[in-house]
Amino acid sequence: MKRTEIKQILSQPQIGSEVIVKGWVRTFRNDQFIALNDGSTIHNVQVVVNAQDFEENDLKRLYTGTCISVTGKVAESLGKGQNVEIIATQLEILGDCDPNEFPIQMKKTSLEFLREKAHLRFRTNTFGAVFRLRHHLAYAVHQFFNERGFFYLHSPIVTGSDAEGAGEMFKVTTLDLNEVPKDENGQVDHSQDFFGKSANLTVSGQLEAELAALALGKVYTFGPTFRAENSNTSRHLAEFWMIEPEVAFNDIIDNMDLAEDFLKYCLKYVLDHAIDDLTFLQDREAQEDKTKPMDERQAMPLIDRLKFVVENPFERITYTEAIDILMNSNHYKKKKFKYDVSWGIDLQSEHERYLVEKHFQKPVIITGYPAAIKAFYMRLNEDGKTVAAMDILVPGIGEIIGGSQREERYEVLKEKCAQFNIPEDHIWWYLETRKFGTCPHAGFGLGFERMVMYATGMTNIRDVIPFPRTPLNAEF
RNA sequence: UCCUCAGUAGCUCAGCUGGUUAGAGCACAUGACUGUUAAUCAUGGGGUCCCUGGUUCGAGCCCAGGCUGAGGAGCCA
């Protein structure tokens, strides 16, 4: 007989049928009731063992974490906490779990502690819920694009390009680091390296996605991305997953529509497919909030927040309007901003938070940033001083999406390269697409973990990726 | 990288103005109970007070340096 997953037993119970369930003990209460979880759902199934039917020595091995296989009959529960339970007839211990060594307990443990036990934290309700939700979101990403005729493009992870300037890069080399070959100028001689030139881990698949979009029409990337920045925040990782759609013939308005539809689709998908896990995380957040001061608590419960985003249009404003709102705010007049506001500045975190969390209290799309503070490939507007860039800001997270209409005009792009000190021979292949059948196109980048944070309500990005890579942390 | 805060039992934490043998809850062991819901009750074992150095008659507590973690900032997704 094959095992039945707990999710199925709980959702479609067949009273009286014999089943085999396998999983990990969460609690063993009253020497009689096992709360068993197999990961298929946040919920446990209650297994009832009558002491006289089993070896006492076996029952003594049932600790939190013990892996067991149970044969038994599905029955209506006599207790109050559950509808069905399994009356055990056979019990096999598959894996013992010494409670004196196993660090995970059913009582509260801090996320910081569990982060140091990354190999075991999957066994907690919280991380079980988070990683099931992460899966659903990833699936929703592919489904969204597939339904709209996009092609999934695998952009390279190792790249010889260092032109994007999106951040510090991790070097990839097979040179002997103890005896690095040098050229006549005393520089590292990468001609002897694996690729015959210096290579790095990618910081973005965008440029490659543009190449493909200018032939396939609509593409998206969804893969790991690496930044060697020494960032120590709850919103940054050295290795994270990024989604980058790129669409030929789209302008900045189409781009905004796509991004808004995309976010709403993914959040609606988890509302429709993972409500149990969301409910657990919502309750967890509510518990957590009770320990916080009033002004740090969530204004809305998690599920309501997600529904609100799904059901309401995002606010769309220009950078210039954003600056006006900030300068006319009481907050500004009372000099509560640490950084001053004037046209031309890069918006600081405090400014973005004010706009999103205080002024609009909903997701906001800001467009038309000054050209000087944005990347070289963004399309110059007719005013000659702003670019067709867009950032989507959400409450609690800040920037979740950054995108733009791309500069498709060869001469303008060459001029921008010169302004940004990007040697043309480094990205000659990118420039060639503007020479051979160029067309307007647009795209954006979304940090997948930021979306997982928003959907789960988790407040530290290290808790929404299985094995977070951050400065000084690559143990697992 | 900068600023702030923290580090005490396996976990979550308390520890007064520097003063005798460092505490609680959970976990664990033993026993009781046996339809429990993070079961409950009783008893018990369990400590490199982050590390190094200093001040002091005396340091978990004060000082200096370091390590680690968290929050915020910058960079960004």
Side-chain angles (χ1 to χ4, degrees), chain A residues 26-35 43-52 59-60 63-65 75-82 85 87 97-117 120 124-125 164-168 203-206 224-244 259 287 291-292 296 338-339 346-350 352-353 373-375 391-394 397-403 444-454 459-465 470-473 475:
Chain A
R26 282 294 165 78
T27 60
F28 182 37
R29 284 187 294 269
N30 217 0
D31 295 338
Q32 196 178 173
F33 303 101
I34 303 167
H43 300 297
N44 305 325
V45 72
Q46 172 156 289
V47 174
V48 184
V49 288
N50 291 306
Q52 63 269 24
L59 297 184
K60 290 204 166 179
Y63 298 104
T64 296
E76 287 186 41
S77 178
L78 302 173
K80 287 199 179 103
Q82 57 284 317
E85 60 193 18
I87 312 297
C97 188
D98 184 347
N100 288 311
E101 292 182 46
F102 188 55
I104 311 295
Q105 293 172 14
M106 281 309 289
K107 299 275 175 172
K108 64 173 174 182
T109 32
S110 68
L111 296 174
E112 293 82 14
F113 173 73
L114 291 170
R115 223 168 273 153
E116 292 168 5
K117 313 282 178 207
L120 298 172
T124 63
N125 285 329
E164 218 233 341
E168 286 294 309
V203 294
S204 165
Q206 180 202 311
T225 310
F226 307 87
R227 306 269 168 98
E229 297 287 349
N230 188 12
S231 300
N232 293 285
T233 82
S234 54
R235 302 181 307 282
H236 292 86
L237 291 164
E239 176 185 295
F240 63 101
W241 286 66
M242 194 150 64
I243 297 149
E244 294 172 297
Q287 290 290 327
T291 68
K292 292 183 183 170
E296 287 176 27
K338 195 174 158 202
Y339 292 87
D346 207 350
L347 295 178
Q348 302 292 319
S349 288
E350 58 173 353
E352 295 181 348
R353 291 181 77 101
I373 60 170
K374 287 290 181 182
D391 283 356
I392 300 187
L393 313 176
V394 296
I397 310 279
E399 184 181 339
I400 194 167
I401 284 181
F444 60 84
L446 171 135
F448 183 56
E449 282 75 19
R450 299 236 173 124
M451 182 161 70
V452 181
M453 283 173 82
Y454 193 73
T459 52
N460 192 313
I461 200 166
R462 300 172 189 118
D463 296 330
V464 299
I465 188 168
T470 52
L472 302 177
N473 181 10
E475 179 69 19

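Proteins come first, then strands; the chains are lettered A, B, ... in the order of their sequence lines, and each starts at number 1.
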Nearest to side-chain heavy atoms of A:Glu399, which nucleotide of B:A77, B:U12, B:G69: B:A77
Given B:C75, B:G71, B:C28, the nucleotide with the shortest approach to the side chain of A:Pro99: B:C28
Nearest to side-chain heavy atoms of A:Arg227, which nucleotide of B:U36, B:C33, B:A77: B:A77
Sugar-phosphate, base or nothing in reach of A:Phe102, heavy atoms under 4.0 Å: nothing
Which residue lies more 5' along RNA chain B, comparing A:Asp391 with A:Asn100 via nearest heavy atoms: A:Asn100
Under 3.5 Å side-chain donor-acceptor pair for A:Ser204 and A:Glu244: yes
A:Arg29 side chain near B:U34 phosphate (N/O to OP1/OP2, under 4.0 Å): no
Sugar-phosphate only, base, or nothing, as touched by A:Tyr339 at under 4.0 Å among non-hydrogen atoms: sugar-phosphate
Short side-chain N/O contact from A:Ser349 to OP1 or OP2 of B:G74, under 4.0 Å: yes
Check: A:Arg26/A:Asn125 side-chain N/O donor and acceptor closer than 3.5 Å: yes
Among B:G69, B:U37, B:C28, the nucleotide that comes nearest once only the side chain of A:Gln82 is considered: B:U37
N or O in side chain of A:Tyr454 less than 4.0 angstrom from B:A77 OP1/OP2: no
Phosphate contact (B:G71 OP1 or OP2) by A:Asn460 side-chain N/O below 4.0 Å: yes
Sugar-phosphate only, base, or nothing, as touched by A:Phe448 at under 4.0 Å among non-hydrogen atoms: nothing
Sugar-phosphate only, base, or nothing, as touched by A:Thr225 at under 4.0 Å among non-hydrogen atoms: nothing
Sugar-phosphate, base or nothing in reach of A:Lys338, heavy atoms under 4.0 Å: nothing
Comparing A:Ile87 and A:Ile461 on RNA chain B - which has the more 5′ nearest nucleotide: A:Ile87
A:Lys60, nearest nucleotide to its side chain (from B:G74, B:C75, B:G31): B:G31
Nearest to side-chain heavy atoms of A:Glu85, which nucleotide of B:A70, B:C75, B:U36: B:U36
Any A:Arg235 side-chain N or O less than 4.0 Å from OP1/OP2 of B:A73: yes
Any A:Ser234 side-chain N or O less than 4.0 Å from OP1/OP2 of B:G72: yes
Sugar-phosphate, base or nothing in reach of A:Ile400, heavy atoms under 4.0 Å: sugar-phosphate
No-H, no-angle donor-acceptor pair, A:Gln105 side chain to B:G10 base, under 3.5 Å: yes
Phosphate OP1/OP2 of B:U1: any A:Asn230 side-chain N/O under 4.0 Å: yes
Counterpart base for B:C2, defined by Watson-Crick or G-U wobble contacts under 3.5 Å: B:G72
Short side-chain N/O contact to B:A73 OP1/OP2 from A:Gln348, under 4.0 Å: no
Pair of N/O donor and acceptor under 3.5 Å linking B:C75 base with A:Ser231 side chain: yes
Ring centroids of A:Phe240 and B:A77 base under 5.5 Å with planes under 30°: yes
Phosphate-side-chain proximity, A:Thr27 and B:A39, N/O vs OP1/OP2 below 4.0 Å: yes
Nearest to side-chain heavy atoms of A:Arg462, which nucleotide of B:C75, B:A77, B:A70: B:A70
A:Asn30 (side chain) and B:U37 (base): donor-acceptor pair under 3.5 Å: no
